[in-house]
Protein chains: 2
Amino acid sequence: MNDALDVRAALLTAATRRFAQGGYAGTSLQVVADDVGVRKASLLYWFPSKADLREAVIDAQLDRWKDTLPAALAAATTGRDRFARILQVALEFFDEDPDRARLLLRECLDRPDAMRARLLTRVAPWMGLVTEAIRQGQREGRVRPDLDPEAWLVQVVVLVLGSAALGDVADRTVLHHSAAQHQDAADRRLRELVRVARSSLYLDDAPEG
Amino acid sequence: MNDALDVRAALLTAATRRFAQGGYAGTSLQVVADDVGVRKASLLYWFPSKADLREAVIDAQLDRWKDTLPAALAAATTGRDRFARILQVALEFFDEDPDRARLLLRECLDRPDAMRARLLTRVAPWMGLVTEAIRQGQREGRVRPDLDPEAWLVQVVVLVLGSAALGDVADRTVLHHSAAQHQDAADRRLRELVRVARSSLYLDDAPEG
DNA sequence: CCTACCGATCGGTAGG
DNA sequence: CCTACCGATCGGTAGG
C-alpha cells in the first residue's frame, strides 16, 4: 500500500519537472508515465485527466510555500532582519530548484486568470503583512517615503521569480565563461538582486547583519 | 503580388500573438491559418515547417529591437538622460504590446540554448556599451560603487521583461480593483519599476529631467 | 495558394 | 495498476 502512494508521488515529481522544462502543452502524458515506468493508463488512474495532473502539480508547489514562508517570518523579529530573512528564504527556495520558478512563470503565462485566483486566496494574505511592515518602516523613516509598497513587492517577486527562471540563460550570456565560472556568475546575480532590493527599499545603505 | 506578402505578414502577426499567449507547443498551425483565413497547407508554403515559423517570429521581434534601441541611444547624449531614455523606450516597447515580452520569456523557457545563442550575437554588443557607461559613472562618483554592472543590467532586463509579461496578473492581484482602476495599477507598477532601477543605480536620488 | 491525404501521436475510455 | 482500443488532431506531403 506504500508502493502505490510512491507511484503517485513519483508521477507528481516527474510531471513537475516536465511541465517546468517543456511546458504543459509541450509535455505528453506518455513521457511522464515513461519517466516513472508505468503505463499511461495508470497515470490516468491516479490523475483522471491531464488538467487534474496540472492542478495537483501547481498546488503541491504552492503548498511548499505555505510551509516555508511562515517559518521564515516566525524566525525573525526585527523589521530589517525579517526583510533579509524572507528574501534569503525565497532566493534559496527557487535557486535550490529553478524548475519551481519556471513552473510558476509558465502557469502565469498559460492561465493568468487561474493563477490570479490562486494568488488571491493563497498569497494575498501574507502580502498584506509585508506591505504593512513596509509602511511602518516609512513612518519610522527607515524606508524610502516615495516607495509604493504594493508595487515594490510586485517588482521584487518578479525579480526573484524571473531571476531564478532565466538565471541560467543570463549567467552564461553576460559573461560567456567556462563551466567552472558558472557558480561565480550565479553568485554575482544573486548578490546584485539582494543589493537592488535593499537599496531601493531603505533610505540609508547599512549592510544587513 | 502585394497581397501575397500581406498574407505572409498576416501569418507572422497571428503566429506572434498565438505563440505569445498559448506558447509554441500549445499553438497548432491550424489556428494560425484560421486566424488569417487561409488553409494550413498555405501556411506551410510560406513557412516550410512549424520550426521555421517560430524562427521567423522570434527574429522579427529581435529585429524591431535592433531599430528601436540605437535610435534611443543616439537621441540622448548625457549619461543620466541616456539611462532614462533607454529605460523609457524599453518600457514603452513592451508595454505597447506585452505579447512581445511573453514571447521572449517563453522562448527563454522553451529553448534556453537557442535564445542564448541569439542574445550573444544580437544583444551582447550594445550590452557592453551600457556596462561601460555604468563603469564610467562609477569612476565619476555618480553610480553606486558596490554595483555589479553586468549583474545589475541582467536584473533590470529581467524586471522589464517580467513586469510586462506578468503585469496584467500582478495589476489585478495586488489590488483587486475595477477595470477603471486597471490603468492606475499599471502606472503604479511602471513608476515603481523606474524608481527601483534608478535608486539602485545612483548614489543620490535627484529626479530625472 | 488550394484539395486531398497520411502516419504518428494526442488525451482519454472500457474492462478487467 | 494493466491490455487493448478509439476518435481527434497533430505537423507535414503530393500534386496541381
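Proteins come first, then strands; the chains are lettered A, B, ... in the order of their sequence lines, and each starts at number 1.
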> Can we say A:R122 and A:D63 salt-bridge, meaning some charged N sits less than 4.0 Å from an Asp/Glu carboxylate O?
Replying inline: yes
> Heavy atoms under 4.0 Å, any strand shown: does A:L29 hit a base, just sugar-phosphate, or nothing?
Replying inline: sugar-phosphate
> Which of these nucleotides, D:dG11, C:dA14, D:dG12, is closest to any side-chain atom of B:S49?
Replying inline: D:dG12
> Between B:A41 and A:P48, which has a closest nucleotide on DNA chain C that is more 5'?
Replying inline: B:A41
> Between B:Q30 (CD) and C:dT9 (P), how many Å, whole number?
Replying inline: 20 Å
> Can you tell which of D:dG11, C:dT3, C:dG11 lies closest to the side chain of A:K50?
Replying inline: C:dG11
> Got a donor-acceptor contact below 3.5 angstrom from the A:Y24 side chain to the A:A51 backbone?
Replying inline: yes
> Want to know the stems of DNA chain D: at least 3 consecutive Watson-Crick or G-U pairs with distances under 3.5 Å, which are they?
Replying inline: C:1-16 with D:1-16
> Where the side chain of A:R39 is defined as all heavy atoms beyond and including C-beta, which of C:dT13, D:dG12, D:dT3 is the nearest nucleotide?
Replying inline: D:dT3
>> Using the side-chain heavy atoms of B:L44, tell me which of these nucleotides is nearest: C:dC10, D:dG12, C:dT13.
In response: D:dG12
> Is the shortest distance from a Lys or Arg side-chain nitrogen in A:D99 or A:R102 to a carboxylate oxygen in the other one below 4.0 Å?
Replying inline: yes
Could you give the side-chain donor-acceptor pairs of residues 85-96 of chain A under 3.5 Å, partners two or more places apart or in another chain?
residue, atom, partner, partner atom, Å
A:Q88, NE2, A:E92, OE2, 3.0

> How long is the line joining CZ of A:F47 and C1' of C:dT13, in whole Å?
Replying inline: 19 Å
>> Can you work out whether A:K40 or B:L43 has the more 5'-proximal nearest nucleotide on DNA chain C?
In response: B:L43
> Charged N to carboxylate O under 4.0 angstrom, A:R188 versus A:D184?
Replying inline: no
>> On the nucleotide D:dC10, are OP1 or OP2 found under 4.0 Å from the side-chain N or O atoms that B:S28 carries?
In response: yes
>> Donor-acceptor pair, distance only, cut-off 3.5 Å: does the side chain of B:Q138 make one with the backbone of B:L147?
In response: yes
